[in-house]
Number of protein chains: 2
Amino acid sequence: MKLSSKGRYGLRAIVDLALHSQNEPVSIKSISKRQDISERYLEQIIGKLKKAGIVESIRGASGGYHLARPATDISVGDILRCLEGDLSVVNCPEVNETKCESSHLCVTKYVWQKVNIGIQDTINHIYLSELVEQGQQLLDNQQ
Amino acid sequence: MKLSSKGRYGLRAIVDLALHSQNEPVSIKSISKRQDISERYLEQIIGKLKKAGIVESIRGASGGYHLARPATDISVGDILRCLEGDLSVVNCPEVNETKCESSHLCVTKYVWQKVNIGIQDTINHIYLSELVEQGQQLLDNQQ
DNA sequence: TTTATTCCTACTAAAACACTAGGAATTGTC
DNA sequence: GACAATTCCTAGTGTTTTAGTAGGAATAAA
């Protein structure tokens, strides 16, 4: 029931990215340093975010990444789904089996559905922009 | 982000148990047959439920298990926590590290907190009794 | 005494996780 | 044009977790 490090690192990384990409693209190296995440591992994570159309890249020297759309249009759900696959707690493979209905009279699936919906609801309603604002405040307070 | 089979099987098993323990205790063998779960594996699962004080056992021939308290007093949260350990999606080990506050200015923890609370909220407010009722209805309709 | 059960602990194959590694392609800079 | 800094792509790998299996002791009903 734990999120993988891809999800944890990825969310931290993209908040960092959003926070530091005013004009220039942000390099993996710089995120890696600030967030203390392996460069090589970050590559993979950001690669997924790119494939999902959440960030865009600029190749070559002084290249890097920036958000593909406004932070107000990127939900935490968008980010986590692309890094973790679907975020359902139970896939209910049992539901698809003939056994399920006839033998164990699956009432548990209602539980899984509720949990799944609850999670989606939560993460779909938190936007990257909110996290960036909070991050900015923390940065401001620090000085 | 998936629940383990212990959680999935365990919830099915205890619903089955509650549904079939009118007077006599319910044996692992019978649950195993009805639910198509390995006897040996079920032993371990029910063992945990026992250790957590959710079910009680009667040893020896014609022994088995029954609920330790009314199904109205057992939440899905009680069951899943004992089978899965804590159900938080992220433990926030980062929060405890010095690094967290100074370097990545952890705003992500607010996300994890919301998700964790949402999950707890959901599973703490579904009671075994509700599932048993639903299961009973399914059984009734079947005949 | 036999049989049906719970109980306890150790083992194990397979899968998932959390990276590491190597190197190709691209592009700005001197 | 050479070099350096970057993204990009794919494969490998040690560790941990998962999903069971296995063996046998303890208990109690018949």
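Residue numbering restarts at 1 for every chain, and letters A, B, ... go by the order of the sequence lines.
Atom OH of Y65(B) and atom P of dA4(C) are 17 Å apart (whole Å). Here dC17(C) presents its P atom at 14 Å from CE of M1(A), a figure rounded to the nearest Å. The interatomic distance linking E24(A) (CD) with dT6(D) (C1') rounds to 14 Å, in whole Å. One atom, CD1 of I58(B), and another, P of dA28(D), lie 11 Å apart when rounded to the nearest Å. As rounded to whole Å, 12 Å separates atom C1' of dC8(C) from atom CD1 of I28(B). Spacing between atom CZ of R8(A) and atom P of dA18(C) amounts to 6 Å, rounded to whole angstrom units. Atom-to-atom, NZ of K48(B) to C1' of dT9(C) comes out at 14 Å; the value is rounded to the nearest Å. Distance, L83(B) CG to dA19(D) P: 12 Å, rounded to whole Å.
The one candidate from L80(A), I74(A), D78(A) that meets the side-chain contact (heavy atoms from CB on, under 4.5 Å) condition with V76(A) is L80(A).
Between S62(B) and dA29(D), a side-chain N or O to OP1/OP2 separation shorter than 4.0 Å is absent. The shortest distance between the side-chain N/O atoms of Y9(B) and the OP1/OP2 oxygens of dG20(D) is below 4.0 Å. One finds no side-chain N or O of S27(B) lying less than 4.0 angstrom from the OP1 or OP2 phosphate oxygen of dT6(C). Of the side-chain N and O atoms in S5(B), one or more sit less than 4.0 angstrom from OP1 or OP2 of dA19(D). Not one side-chain nitrogen or oxygen of K6(A) sits closer than 4.0 Å to the OP1 or OP2 atom of dA18(C).
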Checking Y9(A) against S4(A) for the side-chain hydrogen bond (donor to acceptor under 3.5 Å, both in side chains) test, could you report, in this order, the C-alpha distance in whole Å, the side-chain angles of both residues, the deciding distance, and whether it holds? CA-CA 9 Å; Y9(A) 293 176; S4(A) 78; over 6 Å; no
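Although no hydrogens or angles enter the test, the distance criterion places a donor-acceptor pair under 3.5 Å between the side chain of S21(B) and the main chain of L17(B). Not one N or O on the side chain of S32(B) forms a donor-acceptor pair closer than 3.5 Å with the backbone of I28(B). Between the side chain of R12(B) and the main chain of Q35(B), a donor-acceptor pair closer than 3.5 Å is present. E56(B) places no side-chain N or O within donor-acceptor distance of the main-chain N or O of H66(B), the cut-off being under 3.5 Å.
We find that K2(A) and D86(B) are joined by a salt bridge, their nearest charged nitrogen and carboxylate oxygen being less than 4.0 Å apart.
At a cut-off of 3.5 angstrom, the base of dT26(C) holds no donor-acceptor pair with the side chain of R59(A).
Distances were taken from every side-chain heavy atom of S57(A) (C-beta onward) to each of dT6(C), dC8(D), dA18(C); the shortest belongs to dC8(D).
Residues from residues 37-47 of chain A placing a heavy atom under 4.0 Å of any atom in DNA chain D, listed by number, are E43(A), Q44(A).
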